[in-house]
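Step one of this worksheet: look at the structure below.
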Amino acid sequence: MLKIYNTLHRKKQEFRPIEPGKIQLYVCGITVYDYCHIGHARVLVAFDAITRYLRSQNWDVNYVRNITDIDDKILQRATDNNENYTDLTARMIEAMHEDERALDILPPNHEPRATGHIGDILDMIETLVDNHYAYTASNGDIYYRVKRFPEYGKLSNKNPDELLSGARVDSDDAKEDPRDFALWKAATADQVGWESPWGRGRPGWHIECSAMSTCLLGDTFDIHGGGPDLLFPHHENEIAQSEAATGKTFSHYWMHAGAVRVDNEKMSKSLNNFFTIREVLEKYHPEVVRYFLLSSHYRSPINYSEDNLIEARQGLERFYFALQNFAEVPACALSEMTLGGSGDDDDNKEASYYQRFVEAMDDDFNTREAFSVMYDMVRELNTLVRDDNAQTQVRTQTLAAELKALGEILGILKANPAEFLQGSADTEAISSAEIDALVAERNQAKQDKQYQRSDEIRQQLAEQGVVLEDSREGTRWRRE
RNA sequence: GGCGCGGUGGCAGAGUGGUCAUGCAGCGGACUGCAACUCCGUUAACGCCGGUUCGAUUCCGACCCGCGCCUCCA
């Protein structure tokens, strides 16, 4: 039974789909005015693992993740760069897609753009105006009338009256009420804008998500997700807009990822202490980044630091150490996964590794718990490999296949083990060819019982961060 | 001030009313020409104070500390 923590009710709830077997999922995507950072990566990776898992359990997931490609920050940045805003967004969208491919993030089913849905946005605003949930202000902007939506604050658990007295809301003279927010902003002829019944203008920040989600998923859908800082006001405003416009419940479940911190400090645009995905990937293998992001629960705060990334790499290496004993790991269908931890096939009382994995993931996507099941598999696998014999060969192969199949659900263990452990040569001081040559020389020395020379070479390579491992099959090496 | 989250062994990080998380690191042993990998064993934790209970890290209450949101940010 799948359980999901629902921000709306602040508790874990059994998941009940609107339509059996189907999940309509909307996740707030990126406002494309800059490169994606590690906080974006967390949301992307979390929902990537979640959708992969749900699909593995035969849910028909319709995953929509939008791109906000018109917004004040975009216009500001384009002005600063002295370029057309569409050139800026096109470049950033391309960069975002590169980052996603690098992290092995599967594309969503739909990736709507705000500028592609201006008509839907205007339709929704018109409905809101007609129903007095919105009004035209003296400055030509159209604002949402928060006072008319009594449930305002239900997602972020805020009292509307207290929001009114909250001094930090800037009181704009044009607004009836300081809590009101813009649905449409008037634009002059020389500014970016679209024609509308209320004159030329552009959409406000929150309306595009209401319009696009309704357009693609219907008035009511199953799950709405996003980053932690979108909870208020963005998601609260989405609810206000959509539920006022349709008169129906907007989303049944709300999921929010935890914040990413950097060296134990809040990461934010204003503190300018954020790392872009491309910066991070220059230093760490994409799977290390994925593993790091999935090694704590998706709702917990997570701390981006050198130490934690190194630890993540070491954790991932344990999987690859086990897998490198196989020339090729066969594929394994999830329906065929039956192996349990006892090592005894007749023992049906013990839950299989796969059952335990599913149980962990069904519990609000507990990826860390899922990893611990996989580590149990690693231990058994290593033991089987060490005590290699004819009786256990089938189980060994099957276990390796199952491990890899589970890794695939989380988007890891897809690399070639040797390549993963050897690292990428172009960023390293010593080339693979040089290493191979030294290894060959050392093996000759070993054969000649010239152990002093052999140790010299080991030492020399160790200083360059290369570790040698002798085995029956020969010497293999990896970069630390 | 309002709302919310959390404090677990050296670090990271799950979980549970009563023998095990897990990973990294440490220690002892096996393996190895030496190592690495691996395996076996092992050390070590549940912020503080009360309460409920036969028994609480786990439930309840108070307290202390940290963090987030309330303003653009995933």
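Numbered from 1 within each chain, the chains take letters A, B, ... in sequence-line order.
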State whether a side-chain donor-acceptor pair under 3.5 Å links A:D448 with A:Q444.
yes
Answer with yes or no whether [X] presents, from its side chain, a donor or acceptor under 3.5 Å of a partner atom in the base of [N].
{"X": "A:S300", "N": "B:G6", "answer": "no"}
{"X": "A:R299", "N": "B:G13", "answer": "no"}
{"X": "A:D470", "N": "B:C37", "answer": "no"}
{"X": "A:R42", "N": "B:A74", "answer": "no"}

Which base, if any, makes a Watson-Crick or G-U wobble pair with [N], both distances under 3.5 Å?
{"N": "B:C69", "result": "B:G2"}
{"N": "B:G26", "result": "B:U42"}
{"N": "B:A14", "result": "none"}
{"N": "B:G61", "result": "B:C49"}

Between [Y] and [X], is the closest basic N to carboxylate O distance under 4.0 Å?
{"X": "A:K446", "Y": "A:D470", "value": "yes"}
{"X": "A:E441", "Y": "A:R453", "value": "yes"}
{"X": "A:R313", "Y": "A:E317", "value": "yes"}
{"X": "A:E306", "Y": "A:K283", "value": "yes"}

Only one of A:Y143, A:W184, A:F181 passes ring pair (Phe, Tyr, Trp, His ring centres under 6.0 Å) with A:H206; say which it is.
A:F181
Pick one: which of A:Y152, A:F250, A:W254 meets ring pair (Phe, Tyr, Trp, His ring centres under 6.0 Å) with A:H235?
A:W254
Euclidean distance, atom [atom1] of residue [X] to atom [atom2] of [N] [Å, nearest integer]:
{"X": "A:E380", "N": "B:U22", "atom1": "CD", "atom2": "P", "value": "15 Å"}
{"X": "A:E265", "N": "B:G66", "atom1": "CD", "atom2": "P", "value": "15 Å"}
{"X": "A:E469", "N": "B:G33", "atom1": "CD", "atom2": "P", "value": "15 Å"}
{"X": "A:N303", "N": "B:G7", "atom1": "CG", "atom2": "P", "value": "16 Å"}
{"X": "A:R476", "N": "B:C37", "atom1": "CZ", "atom2": "P", "value": "11 Å"}
{"X": "A:L381", "N": "B:U22", "atom1": "CG", "atom2": "C1'", "value": "17 Å"}
{"X": "A:Q422", "N": "B:A36", "atom1": "CD", "atom2": "P", "value": "19 Å"}
{"X": "A:Y33", "N": "B:C72", "atom1": "OH", "atom2": "C1'", "value": "7 Å"}

Is A:H256 touching bases, backbone alone, or none of the nucleic acid, heavy atoms closer than 4.0 Å?
nothing
Hey, does A:R261 reach any base, or is it just sugar-phosphate, or nothing, if we go heavy atoms under 4.0 Å?
sugar-phosphate
Quick check for you: among [options], whose closest atom lies nearest to any side-chain atom of [X]?
{"X": "A:V467", "options": "B:C24, B:A36, B:A74", "value": "B:A36"}
{"X": "A:P228", "options": "B:A74, B:A35, B:G13", "value": "B:A74"}
{"X": "A:N382", "options": "B:A14, B:A74, B:C39", "value": "B:C39"}
{"X": "A:K158", "options": "B:G15, B:C70, B:A36", "value": "B:C70"}

Tell me, with the steps shown, if A:E469 and A:R476 meet salt bridge (Lys or Arg N to Asp or Glu O under 4.0 Å).
CA-CA 5 Å; A:E469 301 180 4; A:R476 58 192 174 203; 3.5 Å; yes
Any A:K266 side-chain nitrogen or oxygen under 4.0 Å from OP1 or OP2 of B:C69
yes
A:Y5 six-ring centre to A:R299 NZ/CZ under 6.0 Å and within 45° of normal
yes
Test side-chain contact (heavy atoms from CB on, under 4.5 Å), reference A:L103, set A:L44, A:L293, A:L281, output is A:L281
List, one per line, each side-chain donor-acceptor pair under 3.5 Å for residues 322-329 of chain A, sequence neighbours excluded.
residue	atom	partner	partner atom	Å
A:N325	ND2	A:F321	O	3.4
A:N325	ND2	A:A322	O	3.2

Near RNA chain B, under 4.0 Å by heavy atom, which residues of residues 304-317 of chain A?
A:N308, A:E311, A:Q314, A:G315
Which residues in residues 365-378 of chain A have a heavy atom closer than 4.0 Å to any atom of RNA chain B?
A:N366, A:R368, A:E369, A:S372, A:Y375
Specify the residue among A:D455 and A:R386 whose closest nucleotide of RNA chain B lies further upstream toward the 5′ end.
A:D455
Of A:R478 and A:H40, whose closest RNA chain B nucleotide lies nearer the 5' terminus?
A:R478
